[in-house]
Amino acid sequence: MIATRAEVLARFGHALSDPTRARLLLALREAPGYPAELADLLGVSRQNLSNHLSCLRGCGLVVSVPEGRRARYELADASIAHALGDLLGVVLAVDPATCAVPS
């Protein structure tokens, strides 16, 4: 299935709406990783990480690469790393009274 432009943005928005998923995408932007190592890196349980990886796979942003009995996770496409870099370069003028950042 090919997603429309609006669907792509909505999936990216959903993925980035959770701080743990955003941190996970940034970690995978740096290098592929294994679930146990990623859970330790992010300071979350393996079950919690598994749920986030499942969400990101469903959004089409990450893929699982089987390696014997293990699975390595990586960004689904190099353009995702580029897009994340572009987003990190955006400077926002935020009004804290109207745009609260979830904690």
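On a predicted model such as this, the values are computed, not experimentally measured, just so you know. Scope of the values below: all heavy atoms of this structure, side chains included, with no hydrogens, waters or symmetry mates.
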Item to check | R72: partners by salt bridge (charged side-chain N to carboxylate O under 4.0 Å, His left out), with sequence neighbours left out | outcome: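 Per chain and number, R72 pairs via salt bridge (charged side-chain N to carboxylate O under 4.0 Å, His left out) with E67, E74.
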What residues form a side chain to side chain contact (heavy atoms under 4.5 Å, CB included) with [X], not counting sequence neighbours?
X   : result
A15 : L25, L56, L61
S79 : D77
H14 : S17, R21, C55, C59
A76 : V63, I80

Answer yes or no: is there a side-chain heavy-atom contact under 4.5 Å between [X] and [Y]?
X   : Y   : result
E37 : L49 : no
L38 : V44 : no
Y73 : P35 : yes

Checklist entry - Under 4.5 Å between side-chain heavy atoms, hopping through other hydrophobics if needed: is there a path connecting V62 to F12? => result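 Yes, V62 and F12 fall within the same hydrophobic cluster.
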Checklist entry - CG of L87 to CG of L16: how many Å apart, nearest 0.5 Å? => result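 Taking CG in L87 and CG in L16, the distance rounds to 6.5 Å.
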Checklist entry - Taking atom CG of L84 and atom CZ of R29, what is their separation to the nearest 0.5 Å? => result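 Between L84 CG and R29 CZ, I get 6.5 Å after rounding to 0.5 Å.
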Holding to side-chain hydrogen bond (donor to acceptor under 3.5 Å, both in side chains), I want the full list of residues that pass it with [X], two or more places apart in sequence or in another chain.
X   : value
T98 : none
D40 : none
E30 : none
N48 : H52

Checklist entry - Is there a side chain to side chain contact (heavy atoms under 4.5 Å, CB included) between E7 and T4 once you walk through the steps? => result CA-CA 5 Å; E7 290 169 336; T4 67; 3.2 Å; yes
Item to check | ILVMFWY clustering at 4.5 Å (side-chain atoms), partners of V8 | outcome: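 Hydrophobic cluster check, V8: no partners found.
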Checklist entry - Looking only at heavy atoms, which two atoms of Y34 and A71 are closest? And how far apart? => result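 Result for this residue pair: CD2-O, 3.4 Å.
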Checklist entry - Quick one: salt bridge (Lys or Arg N to Asp or Glu O under 4.0 Å) pairs with a partner in residues 46-66, sequence neighbours left out? => result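 Salt bridge (Lys or Arg N to Asp or Glu O under 4.0 Å) check on residues 46-66 returns no pairs.
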